[in-house]
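Step one of this worksheet: look at the structure below.
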Amino acid sequence: MIKEILTRIDATVSAEAALLLFFVVFIAVSWRAITMSRSASERRANMPLEDGVRRNGHA
Amino acid sequence: MSVETDRLDQRRDHQAAGTKGPILEEFSYDDAIVRMFSLATVVWAVVALLVGLVVALELVLPQLSAGLEFLAFGRIRPLHTNAAIFAFAGNAVFAAVYYSTQRLCKARMFSDLLSRLHFWGWQAIIVAAAATLPFGITQSKEYAELEWPIDLAIAVVWLGFFGVNFFMTLLRRRERHLYVALWFYIATIVTVTVLHVFNNLVVPLGLFKSIPIYAGVQDAFMQWWYAHNAVAFFLTTPFLGLMYYFLPKAAERPVFSYKLSIVHFWSLVFLYIWAGPHHLHYTALPEWASTLGMVFSVMLWMPSWGGMINGFLTLRGAYHRLTTDPILKFFVVGITFYGMSTFEGPMLSVKSVNALSHYTDWTIAHVHGGALGWNGFMTFGMLYWLLPRIFQTKLWSTKLAEWHFWIGLMGILLYIVPIYIAGLTQGLMWRALDSGGRLANPDFVETVQRLLPFYWLRVLGGAAYFGGVVMLLVNFVATWRTQPAKYEEPVYAAPALGKTYAEPCQQTPQMDGVAPWGEKLAGWASLDWHRRWEGLPVRFTVWVVIAVVVASLFEIIPTFLIRANVPTIASVRPYTPLELAGRDIYVAEGCYNCHSQMIRPILAETKRYGEYSKPGEFIYDHPFQWGSRRIGPDLAREGGRQSALWHLRHFEDPEALTPGSIMPEYAWLLERELNFGTIPDRVQAAAFLGAPYSDEELASAEELAREQARQIGEEIVKQGGPMGMEDKMVVAMVAYLQRLGTDLFAPPPGAAPEAPPAESEGAPTELPETETPVAASENDTDTAQLSTRSSSDD
């Protein structure tokens, strides 16, 4: 039974679904990136340049 | 959770950071582990490149291996690739991760012990690789050659030591947000684990041998799903993490666009997974899968170039320092090669381009642009930036670093330009037809000879690049020696994180007169849920896992359904016991490093090699041996093409039989005894994985093998060859080679013989019209007798 169903499914559907899935994800991610506030993105971008406040020694 | 409680927490967070001053926690970073991984990176770079030089030389001077089996090309080419990927690039990634993660998290690594276990465990794995691969202990899957006990060790070290240490550090961090570099590291750790586990599912046969549970098409599919994504998640994502951290550091300015980096990350993670089938165009893989691979590969170009542009623009305003700063030079060239490779990759995955490029040296040029240019130069840039910091001194010589840059760059160009030309030459010569529609270069070895000048230039290029790395080693050691008597251990301070949190500047839309569900929808659409889980490593990781696993399943499930879809061919029968033993030698020798076993449905190819390969022909192939390049000719239809004696003489001295051949000699196959004792277990394992042997065959596997060996031994003598070959390894190898590709034309069990469905015109000898033998146990005719071009020439 299961085997019959499985063989009947056209595998190309998988390819089309994959494409659709990607576009949904892509739009969601792009939307999120675009709607991110400027200050938030700047703060994150600066993270590698702020390695913490040292307590001893020279900076 | 409601917005209200979020706001309350937020206020509490702010109070904590308010007038009374935050409660600071003190901590220091573990830089000793970064020093260790950095040193390992340089040492293994020297080793990997040295082995690379040897294999490059062997292709121009095949006698270099001096008949020593552990020096033969097929055995040590995997050593080169594994050392370059897992030892050199791997240690570089770990150095980058350990340095940047601590700083981005404002926390020391979770456990110094786990860090050390990770370091020593990984080095032990590399040593184990070097101690097994040259001795023919291999799974024969490219970049996954290591045998199962080492694979288990990799899983423990990677996930148990490295993964746990990394994720626990994330959980204990003092910085709310996960910087984009950390995302790339998370994707790396998660995905490599998944890839490694699924591509290495095997049935062990003793400590040093195993058989994959997959066969033929499925095995090929899993392998290239793995290998492609290993490039993506071992050589791309962690290096992008490295770029997003160290490039701003070196340029002293933030990344150009953080937003772009978000899109870069998700698109890359999502797209890469699907692209694997582009390694299997025109093979027995189903059409839809290979088209899917192509489409997604082409789409990959966008995010990749997004990342490249982001990298370049980060350097805007720092370009004036380019003339004086070797670090920035390395980074600029590294990113340029990232851009070139990620443009070329999608191009190579287009089927019509791939028809020309696949199996040629073009692919080799492509990967070396990526490995030497992108991975190598990003690593060198990082190391030169790190050295003064981790050793708390000045770089010993900026001038030498500058020299390293120029000689390294020259080395890359001197390597890839000739190899691009070689690849194109090969591809064009293989497919060229004369006006009569015959192959213009019917002798494979003609095409080999044409490449040798380019192969020599490659040796030169490789040597230059190697010279550069030696300069790095010198600079490394000299800098190390000027370290302070005692390392200063700076103490840092940062407040601990509150338990909950919301983006301070976050605005949830206020709406009047809108139905409550509308408000909820708007809240959801503002995507602050996304911002929240971005701050939470656990949920973030879960999303990455979902992206990777869902994408993989979309491909893998249908491919496994093709077990039902692979048209079975009645005449395709399991290998005989002796052939299985021969096949194991073929695997151990790494013949797949030079020979493919996959004839594509392309005119020039079927003319040269015979009828194209069908999926149903590989159902007993554990592991598959399709290969990925043709330094030598395809062997998918080798059976019956030459005589037994021809093969024997060819193994003894390929050059003598085929002047101009660059195949290494395998004279010891004629001397070494075949171990018949292990054959029954081997046949049992094949039966366990589905090969339909009869109970008699299983019970008398050893006798069957001896009988077939005796026949081949006799035949060799009849053809004028030496006596006493029947218990040598060479008979097993000959048995296997003579079986290759013949089943398709064999009569189905119990049917009358029929004519083969197609013929190959360009082949040196034609396949027999009638009665190609099946298994020797069933049919007494001997394959070898059917060959014509043979011992007469020696």
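All values below were derived from every heavy atom in this structure, side-chain atoms included, with hydrogens, water molecules and symmetry-related copies excluded. Everything numeric here is computed off the predicted structure, so don't read it as measured data.
Rounding to the nearest 0.5 Å gives a distance of 8.0 Å between CD of B/Glu175 and CD of A/Glu50. The CZ atom of A/Phe22 sits 10.5 Å away from the CH2 atom of B/Trp274 when rounded to the nearest 0.5 Å.
In this structure, A/Leu49 and B/Pro248 approach most closely via the heavy-atom pair CD2-O, 3.6 Å. A/Ser41 and B/Tyr258 make their closest contact through O-CB, 3.7 Å (heavy atoms, listed as atom of the first residue, atom of the second, distance). Of all heavy-atom pairs spanning A/Ala45 and B/Pro254, the tightest one is O-CB, 3.5 Å. Here the shortest heavy-atom pairing between B/His177 and A/Met47 reads O-CE, 3.2 Å.
For B/Thr393, the side-chain hydrogen bond (donor to acceptor under 3.5 Å, both in side chains) criterion is met by B/Thr482, not counting sequence neighbours.
Within the 4.5 angstrom heavy-atom criterion, only side-chain atoms of B/Val295, from C-beta onward, approach chain A. Contact of B/Phe296 with chain A is made through the side chain alone, with heavy-atom distances under 4.5 Å. Heavy-atom distances place both the backbone and the side chain of A/Leu21 under 4.5 Å from chain B. With a 4.5 angstrom heavy-atom cutoff, A/Phe26 touches chain B only via side-chain atoms.
Taking a 6.0 Å sphere around NZ of B/Lys351, one finds it holds more than 12 heavy atoms contributed by other residues, nucleotides or ligands. The local environment of CZ in B/Arg316 is crowded, with over 12 non-hydrogen atoms from other residues, nucleotides or ligands closer than 6.0 Å.
Listed by first and then second residue, the salt bridge (Lys or Arg N to Asp or Glu O under 4.0 Å) pairs that reach into residues 252-267 of chain B are B/Glu252-B/Arg321, sequence neighbours excluded.
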